[in-house]
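Heads up: the structure comes next, in C-alpha cells.
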Amino acid sequence: MTAKLHMQGVTKVFPGVKALDDVSISVKSGEVLGLVGVNGAGKSTLMNVLGGIYRPDGGHIEIDGRRVDFARPIDADAAGIAFIHQELLYFPSLTVAENMFISHLPTGKLPFSVDKRAARARAQASLDQLGSGIRPTARMESLSVGEMQVVEIARAVAMGADIVIFDEPSSSLSIKEKEALFNIVRKLKAEGKAVIYISHFLDEIQELCDRYVVLRNGQLVGSGDIAEVTHDQIVEMIVGQVVTERAARTRRKGGAPMLSLEGIRREGILDGASLELREGEVLGLWGLMGSGRTELIRSVLGLDPMDGGRITLAIDGDSREVSHDELLERTAYVTESRRTDGLFLDEAIWKNISSTTLADYARGRMRVLDKAAEAGTARSMIDRLKIMTPDHHTQAAILSGGNQQKVVFAKWLNRKPDILILDEPTRGVDVSSKGEIGELVGALAEAGTSVLLVTSEIEEMVALADRVLVLRDGMIAAEMLGEDITETALMAAALRTEAAHA
Amino acid sequence: MRERLVQARNLGLAYGFYFLLLAIVIVFTAISNSFLTVSNWTQIAIASTFLLSAAAGLTLVLINGEIDLSIGSIAYVAATVVFLTSDMPATVSIVAALLTGLAIGLFNGWLVAYLGMNSLLTTLGLMIAYRGVALVFTEGTVKQTGEGLALLGSVKLLGTIPAIFFVALAIVLIFQWILRGTRLGTYWLAIGNNEESARKIGVPVRRAKLAAYALCGISAAVSGTLLAAYLGEITTFTGRGMEFQAVAAVVIGGASLFGGRGNVFPGTLAGVLLLIVINNGLGTRGVSPFVYPFVAGSLIFLAIYLDAIKNRDVRSVS
Ligand SMILES: Nc1ncnc2c1ncn2[C@@H]1O[C@H](COP(=O)(O)OP(=O)(O)OP(=O)(O)O)[C@@H](O)[C@H]1O
Ligand SMILES: [Mg+2]
C-alpha cells in the first residue's frame, strides 16, 4: 500500500535558525506515527508546514501520491488534514457546535442562514462517535481543557479528515481525560485515518504508535517500527548521546519550618488544608486536577479568594502570621500557563529574564538599568538551562513551547527566592531538559530553598520530591515519606481519588 | 454563601441594566403623572428612533472588536444627500442616501479590515472629515427636504406612533437575525472572540469585517434619513454626538468593547431605551437639562466598568 501522506525533503528556514533541514516522513492509512524530539527540534514547525500555516523553503507534500501545495490553512483543511494545535484554537462565547463548524456552517432554508439544528445534530453525531458526553449547545468557555480538545477532535472527525495531527495533546489533561484521548486515537486508527502524534511522553508513544520519527536540530535522526526499539534507544536518539542512569538518591529531611498553612478554606474548593513546608526540602503536592492543588496555592498567595485559615512564615528566624502580600514578596511562583501569565511574549528573552528583579540592575542615583548586566544574566541562564535560541535578543513568542517554559523558569530562578512554588514546571519540556530542571531544583533545595512542587507527572514527583502530601477534595488526605514515594503508591493514591469521585 | 454571591453578581452583570430600566420606569411613573401617558411614550419612541437605527449597526462593528465613531457624521452626510435630491421623488432620495451610507461604510471597512488601520483613530478622524464634506454642501445652514419625504416622515401607525419608529425596529430585528441566524453573524462573533484563531481556522476575517462596516454605514444613513424625513428639514445638529450615545447604548445593552459578545435585540434596544427614558423622565420632572449629561455620563462609565469586570472574569477563567 502506498503512503497516505508523504512529506519529501522539507526545509524551513527562520531568521537565525534552520528549523527543518531536508526532512522526509510518510504515514499510511490506519497507522499512528509518533513524532519525537527535544524542545525546538522542529516538530511543530514540520506540522505547521503540513497544516498550511508555513510555506516550506524546500521540499514538497504528497497526499495519495499526488503533489499538493498549501498556501493557507484552509487548503490543508480541504485536503483532509485536521490539526489539533499545541495551543488550542477556540472561541469562548460560541457554542460547541458553532466552534466545530465555524468554517463549514451548514446552510438553512433562507439564503445565507445557518441551519443550527443540522449543525447541532452533526456535532452530536461526531461527539457520540467519540463517546463523549459534551452537549453541542454548551458554551465553549464552560468546558475544561480536556473537553475543548475533544471538541477539536470531534471537529476533525466531522470534517471527514483522514489525516489527523496531534501536537502534544496530552500535556494538559487529567488521567481520566488522557485515557479518553488514547481511546479516541485508537478509534481514529481503527477507522483507517492516518494519525501523527507528537509527545514528550515516550510511554504514550510506545503505547499508541506503530512507527516513530525522531527529529533533532531540524534533522531526521531516526525512524522505524516502535516494536523494534527500546525506550532507552529512543531517548538516545532524541538526546543524541548515551544516557547514564542517575544514581538513586536519598531524600532530604529538611530543616526548620519555613511556611506553615493551617486550615485553609475556600468555599466549595478547599476544606481546611494544612501543611508545613521546611527549609531545604522539596515538598510534593499530589492529587488529581480538581483536588485543589493549584487552588490551594492560588488562595494562599492571594490570587484567588481565601475564606479562612492562617499563613505563618519564618522571617529572619521569627515565625509570624503574614498577609498574602508578605508571602508573595518572598516567593517565586512558576505557573503552568506560560502563555497567559508567565511571559511577556512580545519582549526579548533578556527582558523577560530580568523582569522579576529589575531593582537589582538599577544603578546610580537615577536608577538607570544596567542593560549589560541584564544581558549577562540572561546569557548565563540560557547556558544553564540550555534554552535553544539564536541569542538573548530573540522575542519570547517565537521560541518553541518547551523553550518558552524554560525562560519562565529562568526568570524566577534569577530572583533567588526563599520559597519556590512550581506548578507543572516542566509541562511541554523535553526529556533531557526535564533532567536539567530537576537537577536545578535539587541544587536549590540543597542550598536551603523551600520548594513546593505540584505536578501530574508521576516520574517527576518520584524523582524530585522529598516528601509528598496527597490532596483529596480540598484536604490533605495522606503523607508519603522517603521509601514510600513510589510510582505505584502515587498511582494508587490518585486512583483512589478517582474512584471516590466516580 | 460565596457561590450564591457570585451567582447573584453574574446575574446582576448580565441583566442589571434591564432591572435598572424597569426600576427607572417605575420611579418616573410614581413621581410624575405625565410620564406614563400615550403622548409621552410616543415622544420616547420618536426620540429613540434615530439613536436606535444607528446603534443597531454599531453593535455589529463592536462585536467584531472594532469601532466606528463616524456614524453621526455618516447620518449627516446621508441627510445632506436627501437635501441635494430634494427635487426628485422621495424614493430616489432614500435610495441615494442609503447608497451613500453603504459606500462610506465600505470605505471605513476597507481601511480597517484590508489596510489594517486602527479603527478608533481612523474613524475618529473620518468623523470630522465627513461632517466637513457635508457642511460644504449645506453651507452650515438649515435646508428643506422634498415634500414627498416629509410626508412619509409624518405617517403614523397604530394610532399615534410614527412609522419611522417601526423602521428602526425593523432594522434592529433584521440585524439581530443576521447576527444570530447567519454564517456572517457567527463569523463576527468568532472574530470578536479571537481574530487570530478565526483567521487560522479559515474564517474570511477581512470580508466579514467589511460587511459589518457596510451594514453599520447603511444603518447610520437610515438614522440621518429618518431624522430628515421626520423634521422635514436638515439641521447641522444631525448626528452630532450620536457616536458616543450609540457606543454607550450598545455597551449598556451588553455588548463588549472587547468584542465577541452582544445582541442587537434585546440588548442594544434596551440600552437605547434606558438612555432615552432617563432623558425624557428628567424632562417631565422639569429637572434642568444640564443634569442629563452627568447622569448619562455616569451610566456610560458604569457600563464600561462592568464590561471590564466581566472580561476580567472571563480571562482569569480561561
Ligand atoms: N515563527 C518563527 N520565527 C522564528 N523562529 C521560529 C518560528 N517558529 C519556530 N521557530 C524556531 O524553530 C525551531 C523549531 O521550533 P518548533 O516549534 O518546531 O519546536 P518543537 O520541536 O515543536 O519544540 P517543543 O517541543 O518545545 O514544542 C525553534 O528553534 C524555534 O525557536
Ligand atoms: Mg512544539
Side-chain angles (χ1 to χ4, degrees), chain A residues 48 51-53 72-78 82-83 85 87-95 97-116 119 139-145 148 152 155 159 265-269 298 303-307 337 339-341, chain B residues 1-7 9-10 14 63-65 174-208 211 215 254-256 258-263 267 307 310-318:
Chain A
N48 283 331
I53 295 163
R72 286 167 305 168
I74 1 175
D75 299 341
D77 231 44
F83 194 165
H85 289 266
E87 317 284 349
L88 294 176
L89 298 179
Y90 67 95
F91 308 102
S93 79
L94 297 186
T95 65
E98 285 166 340
N99 265 278
M100 281 175 63
F101 296 110
I102 183 76
S103 53
H104 296 76
L105 291 163
T107 310
K109 284 196 209 74
L110 294 166
F112 308 113
S113 73
V114 175
D115 188 345
K116 288 191 181 172
R139 288 210 179 207
M140 204 66 176
E141 61 202 349
S142 69
L143 305 186
S144 72
V145 180
M148 289 186 197
E152 282 217 21
R155 172 169 186 274
M159 293 306 154
R265 288 192 314 101
R266 182 178 167 202
E267 194 67 36
I269 297 174
R298 291 186 56 90
L303 304 172
D304 279 341
M306 184 169 110
D307 297 332
S337 41
R339 285 218 152 237
T340 50
D341 43 42
Chain B
M1 184 56 207
R2 171 159 239 125
E3 291 279 280
R4 231 177 279 150
L5 268 179
V6 169
Q7 266 175 21
R9 208 195 62 170
N10 288 346
I63 282 174
N64 277 270
I174 293 170
F175 282 13
Q176 177 65 15
W177 177 74
I178 298 178
L179 177 63
R180 294 290 164 177
T182 72
R183 192 169 304 199
L184 188 58
T186 317
Y187 289 162
W188 291 334
L189 288 158
I191 293 169
N193 267 290
N194 190 338
E195 187 170 335
E196 198 48 46
S197 296
R199 185 169 297 125
K200 276 194 189 158
I201 228 156
V203 170
V205 172
R206 291 188 296 191
R207 258 184 293 153
L215 289 173
S256 172
F258 300 90
R261 276 154 226 276
N263 280 304
D307 181 37
K310 269 189 270 190
N311 262 278
R312 193 186 57 201
D313 287 1
V314 171
R315 294 226 182 95
S316 69
V317 165
S318 56

Side-chain heavy-atom pair A:R155, B:I201 within 4.5 angstrom cut-off: yes
Closest-packed option against chain B by number of heavy-atom pairs under 4.5 Å, given A:D75, A:D304, A:L105: A:L105
Rounded distance (nearest 0.5 Å) linking atom CZ of B:R261 with atom CG of A:L94: 9.0 Å
Any donor-acceptor pair under 3.5 Å from B:N193 side chain to A:S93 backbone: yes
Non-hydrogen side-chain atoms of A:F101 and B:T186 separated by less than 4.5 Å: no
Student check: side-chain heavy atoms of B:R183 and A:T107 closer than 4.5 Å: yes
Side chain, backbone, both or neither of A:L303 within contact of chain B (heavy atoms, under 4.5 Å): neither
Segment of A:L89 engaging chain B (4.5 angstrom heavy-atom cut-off): both
B:Y187 and A:I102: CA distance, side-chain angles, deciding distance, side-chain contact (heavy atoms from CB on, under 4.5 Å) verdict: CA-CA 7 Å; B:Y187 289 162; A:I102 183 76; 4.1 Å; yes
Check: A:R72 side chain, B:G202 main-chain N or O, donor-acceptor pair, under 3.5 Å: no
side-chain contact (heavy atoms from CB on, under 4.5 Å) between A:F91 and B:S197, worked out: CA-CA 8 Å; A:F91 308 102; B:S197 296; 3.9 Å; yes
